[in-house]
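Contents: one structure, followed by commentary.
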Amino acid sequence: MSEAGGRQEEHAGMNETTKLLAVFKVEQKLRGLRSRLDAAERFLSEQESQLAKNTQQLESLASQHRQVAASTKENEDEIARIDARVEKLREEMNTARTNKEYQAFLVEVNGLKIERGRVEEEILALLEKSEAIKAEIEKIEHDRDERDSVRKIAKKDRDTRNKEIEGRVKELMSEREELAAEVQPRILSDLERLLREREDEAMASIEVLDRKRHEISCSSCMMTLPIEVLSTLLSGRLTLCSNCGCFLYIDDDAVEALQPASKR
Ligand SMILES: [Zn+2]
């Protein structure tokens, strides 16, 4: 006999609640698997967006660095122009015919010396700026490299998880299909709606508050349930919590709690 056939036969003796619970349990497993993958997916995309930010920062810094280099070059050219002019003036001073002429050259030379000093200061400031930008670039490159290692690990983790669950999800999906086929479509769609609205609380076990007095409550909303609920549940009929609307069932703990103390 095939495995599926055996499973179906097993289910033939099951009551409505047990059949629905089997679907619910598989749904929970599927959700658990997917939530782990979702977490890995989120972590990876965080790393990727941080990396994109680093890349953007580096581009902006590189552009600032180019601007500073261009300004430095302009100032260096200016110094070369000043030096050439001063040299020319000194030659002319040597051939000055009058003191007045000589003095005029001297005034221009002195003016150029002051200008040269100012340009040199500007170059120094630009060099400082350039160093600061370089240091910032190095820091961000380091961050980016570290981030990239984390991203690689995160990607591997995501891919591994995806691979891991791929097969299991497929298995569970076909298991779910098999189990769902045994539940009335109307009830199944109720469960699907509850899963969307309440996730893990779509079905809840009863809790036995007092065995002798048949006092039970819904473990999802904690509200006390009418006594009839227990007999309906025990008969295997589908039962909803009259308060929160979830499907009720009796889990192993509740089964045990319902046993007379002598049988435990
Ligand atoms: Zn409830």
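Whatever order the structure lists them in is the order used to number ligands and atoms, beginning at 1.
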**Asked** Can you tell if the side chain of Gln47 reaches within under 4.5 Å of the side chain of Arg147, non-hydrogen atoms only?
**Response** yes
**Request:** Given side-chain hydrogen bond (donor to acceptor under 3.5 Å, both in side chains), test Thr18 with Asn15 step by step and report yes or no.
**Result:** CA-CA 5 Å; Thr18 322; Asn15 66 46; 2.6 Å; yes
**Request:** Under the salt bridge (charged side-chain N to carboxylate O under 4.0 Å, His left out) rule, what do Lys156 and Asp159 come out as? Steps first, then yes or no, please.
**Result:** CA-CA 5 Å; Lys156 215 174 142 197; Asp159 292 346; over 6 Å; no
**Request:** Give the C-alpha distance, both sets of side-chain angles, the deciding distance and a yes or no for side-chain hydrogen bond (donor to acceptor under 3.5 Å, both in side chains) between Asn54 and Gln57.
**Result:** CA-CA 5 Å; Asn54 285 159; Gln57 286 171 322; 3.1 Å; yes
**Asked** Hey, is Arg161 close enough to Asp157 for a salt bridge, meaning N to O under 4.0 Å?
**Response** yes
**Asked** What is the number of protein N, O or S atoms that sit under 2.8 Å away from the Zn ion (ligand 1)?
**Response** 4
**Prompt:** Side chains of Ile79 and Arg116: closer than 4.5 Å at any heavy-atom pair?
**Reply:** yes
